Amino acid sequence: MNHSIRTNVWRGITTLALQLPSYTSERRLAEQTCLTLLHSCTTLTNLTQIHTLILKLGLHNNPLVLTKFASTSSLLNAIHYASSFLFSPSNNHNDLLLYDAFLFNTVIRAYAQTHASKFKALEFYKTMFTYGVLPNKFTYPFVLKACAGIGDLNLGKLVHGSAVKFGFDDDRHVQNTMIHMYCCCGEGVEFARKVFDESPKMDSVAWSAMIGGYARLGRSMEAVGLFREMQVKGVIADDVAMVCVLSACTDLGALELGKWLESYVERNKISKSVELCNAFIDMFAKCGEVDKAMKLFRQMSSRTIVSWTSVIVGLAMHGRGLEAVSLFDTMIEQRVAPDDVAFIGVLSACSHSGLVDKGHYYFNSMQKNFGIVPKIEHYGCMVDLLSRAGLVKEALEFVQKMPIKPNQIIWRSIITACHARGELKLGETISKKLIRSEPMHESNYKIPGSTMIELNNEMYEFVAGDKSHNQSKQIYEMMDEMGRKIKKAGYLPTTSQVLLDIDDEDKEDALHRHSEKIAIAFALLNTAPGTPIRIVKNLRVCEDCHSATKFISKVYNREIVVRDRNRFHHFKNGLCSCRDFW
DNA sequence: ATAGGGTTAG
């Protein structure tokens, strides 16, 4: 129905309804009228009119009308209004027939999908028992979804127990939501796995719930492993399962796997939903192939804000800030409304490419032109932008003027800038303050550095000084050779970033054993000459590794693509795409 | 009427 027809129908039926006598004997007509009205109700004003009408016609104890009222309210984000009417004392509470499971399910569903009211869903789940209404098999997916949103394991177990008690735990939908719910509850994954393993017939939904659960927790290897198991079991993935496994693949930086997944989609004719395309864009960008991501983006027939943001963030990560910014401008020209995440993307693009004025412009425009209130992340981007550009003083002033309390991330980007700019005293002062106010921050320095590399469909992970690999001997010989060759080419070790209190020779040795050098040696040993090497670091690349990798790319004539915690470095012929600005 | 999904500063 188009808008004007809808409005006319609305007017017509309203006129008719108001002519009905109160407590009309023609209950069916009154009921039908109300249901039709609710069906075409699109505004809150209409809803309150219908409310009045329901009372006038004495339909406040008609379950059919009440349920429709609840679901319409839910669509209009007004479930609170509906539930306070439905369960108000003026409604006849003694009439138990008034409420049925369908009505409660509608209310529970509405609250479960409303962001801030998951607890309300559980409240109504309890309320249904006090009214003597028993849950049915449709009740549990809604309640479990609310539990997933709350993320409380004990609550989840309680509802699980309840579902068992009423015999709904063998329902496929209930089981699948149960898996999802447990995956969303901190320590619950193992419980999810138990439900998953005990399910007699696992469909694609169950697999995606479990794979997605692992992926969200950063247990990407397990996610990919489970996807492989799924293929062995002969279950064909659908687009949602693909999104789940792709997010794990993206996390691992496993480009070969990503390409294989792309061909899997083609082979199995999986529908290319917007979400799936977005996941592919993100994967290609974060596995080192932004151009491929751009190509996919251009081919998409319809895009969402997430598609734009993914490709903007992707370009930014590769240091292609100008392209990212111009894409953002195109997006605005095409009247796609940016959201807060899109602004984080464009601001970080400015930051990584030193576009200070542009950054200021976007930051100011987000509130002025788009009514988006900047969050701590946006302030963080601005501080980072100023800090990286060497404007440490301006960054500090910005922090002092911001209306939000700065967090550790913000302080750390200033400290990093201080080190880079030789403002050691200032950096130290801030560091000391930070340690005093947030003693926990030390834990951040204790994450061990590791580097991953994909080779022949296998992921290899190395930590500093790693000797666990069976090629270890050759790897260390290769590293010695690398060291000799790059020194000859002019490489000088940068030992200033080594924090340990040891002498220079040992410091050099410590650098020499950094995980990314091990991974590069491993790659040089196992890949064909002239082919690109791709590695993924879990931390920011250190200055010495950055310098060494530049030399390695030249001496061994290899393109080396490094993804670190924040961004990409493309090393080629002795130079890096970040132009030493990272 | 019911289940699983994408982008986020360093």
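Note that this is a predicted model, so its numbers are computed, not measured. Letters A, B, ... mirror the listed sequences (proteins, then strands); counts begin at 1.
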A:D564 near the nucleic acid: base, sugar-phosphate alone, or nothing, with a heavy-atom cut-off under 4.0 Å? nothing

Write down the distance between CG (A:L347) and P (B:dA9), rounded to a whole number of angstrom. 11 Å

With a 4.0 Å cut-off on heavy atoms, is A:S71 in touch with a base, just the backbone sugar-phosphate, or nothing at all? nothing

From the list B:dG10, B:dG5, B:dA9, which nucleotide is the closest neighbour of the side chain of A:I344? B:dA9

Gap between atoms NE2 and P, on A:H180 and B:dA3 respectively (whole Å): 11 Å

To the nearest angstrom, the CG-P distance between A:N407 and B:dT8 comes to 18 Å

Aromatic ring of A:Y379 stacked on base six-ring of B:dA9, 5.5 Å, 30°: no

Choosing from B:dG6, B:dG5, B:dA1, which nucleotide comes nearest the side chain of A:T304? B:dG6

If only side-chain N and O atoms count, and only distance matters, is there a donor-acceptor pair under 3.5 Å linking A:S326 with A:D329? no

Please classify the nucleic acid contact of A:R216 as base, sugar-phosphate, or nothing, using heavy-atom distances under 4.0 Å. sugar-phosphate

Between A:H378 and A:D340, is a side chain to side chain donor-acceptor pair (under 3.5 Å) present by the stated rule, with each step listed? CA-CA 8 Å; A:H378 302 99; A:D340 54 336; 5.6 Å; no

From the list B:dG5, B:dA3, B:dG10, which nucleotide is the closest neighbour of the side chain of A:E275? B:dG5

With a 4.0 Å cutoff (strictly under), does any side-chain N or O of A:H352 reach OP1 or OP2 of B:dG10? yes

For the residue pair A:F343 and A:F328, is the inter-centroid distance of their aromatic rings smaller than 6.0 Å? yes

Could you check whether A:D238 gets within reach of a base, just the sugar-phosphate, or nothing at all, counting any heavy atom under 4.0 Å? base

So what does A:T177 hit on the nucleic acid, given a heavy-atom distance under 4.0 Å: a base, only sugar-phosphate, or nothing? sugar-phosphate

Check the surroundings of atom CG in A:D357: do more than 12 heavy atoms from other residues, nucleotides or ligands lie under 6.0 Å from it? no

Would you classify A:F102 as touching base, sugar-phosphate or nothing, given that sugar-phosphate means primed atoms plus P, OP1 and OP2, and contacts are heavy atoms under 4.0 Å? base

Please classify the nucleic acid contact of A:I376 as base, sugar-phosphate, or nothing, using heavy-atom distances under 4.0 Å. base

In whole Å, I'd like the distance from the OH atom of A:Y140 to the P atom of B:dG4. 17 Å

Closest to the side chain of A:K137, out of B:dG5, B:dT2, B:dT7, is B:dT2

Nearest to side-chain heavy atoms of A:R172, which nucleotide of B:dG5, B:dT7, B:dA3: B:dA3

Base, sugar-phosphate alone, or nothing: which one does A:R303 contact when heavy atoms must sit under 4.0 Å apart? nothing

Using the side-chain heavy atoms of A:C381, tell me which of these nucleotides is nearest: B:dG10, B:dA9, B:dG4. B:dA9

Quick one: label A:S204 by what it contacts on the DNA or RNA (base, sugar-phosphate, nothing), any heavy atom closer than 4.0 Å. base

When we call it a touch if two heavy atoms are under 4.0 Å apart, what does A:N105 touch: a base, just sugar-phosphate, or nothing? base

Can you confirm whether A:N105 sits close enough to A:N136 that some side-chain heavy atom of one is under 4.5 Å from a side-chain heavy atom of the other? yes

The side chain of A:S351 is closest to which nucleotide in this list: B:dT7, B:dG4, B:dG10? B:dG10

Looking at A:V189 and A:M210, what are the two nearest heavy atoms and their distance? O-CE, 3.9 Å

By nearest atom, which of the nucleotides B:dG5, B:dG10, B:dT7 is closest to the A:K286 side chain? B:dT7

Taking the six-membered ring for Trp, is the centroid-to-centroid distance between A:F191 and A:H160 below 6.0 Å? no

Which part of the nucleic acid does A:L276 contact within heavy-atom distance under 4.0 Å: base, sugar-phosphate only, or nothing? base

Taking the minimum atom-to-atom distance to the side chain of A:E377, which one of B:dG10, B:dA3, B:dT8 wins? B:dT8

Base, sugar-phosphate alone, or nothing: which one does A:D282 contact when heavy atoms must sit under 4.0 Å apart? sugar-phosphate

B:dA3, B:dG5, B:dA1: which one has an atom nearest the side-chain heavy atoms of A:F138? B:dA1

Grab the CG-P distance between A:L217 and B:dG4 for me, whole Å please. 16 Å

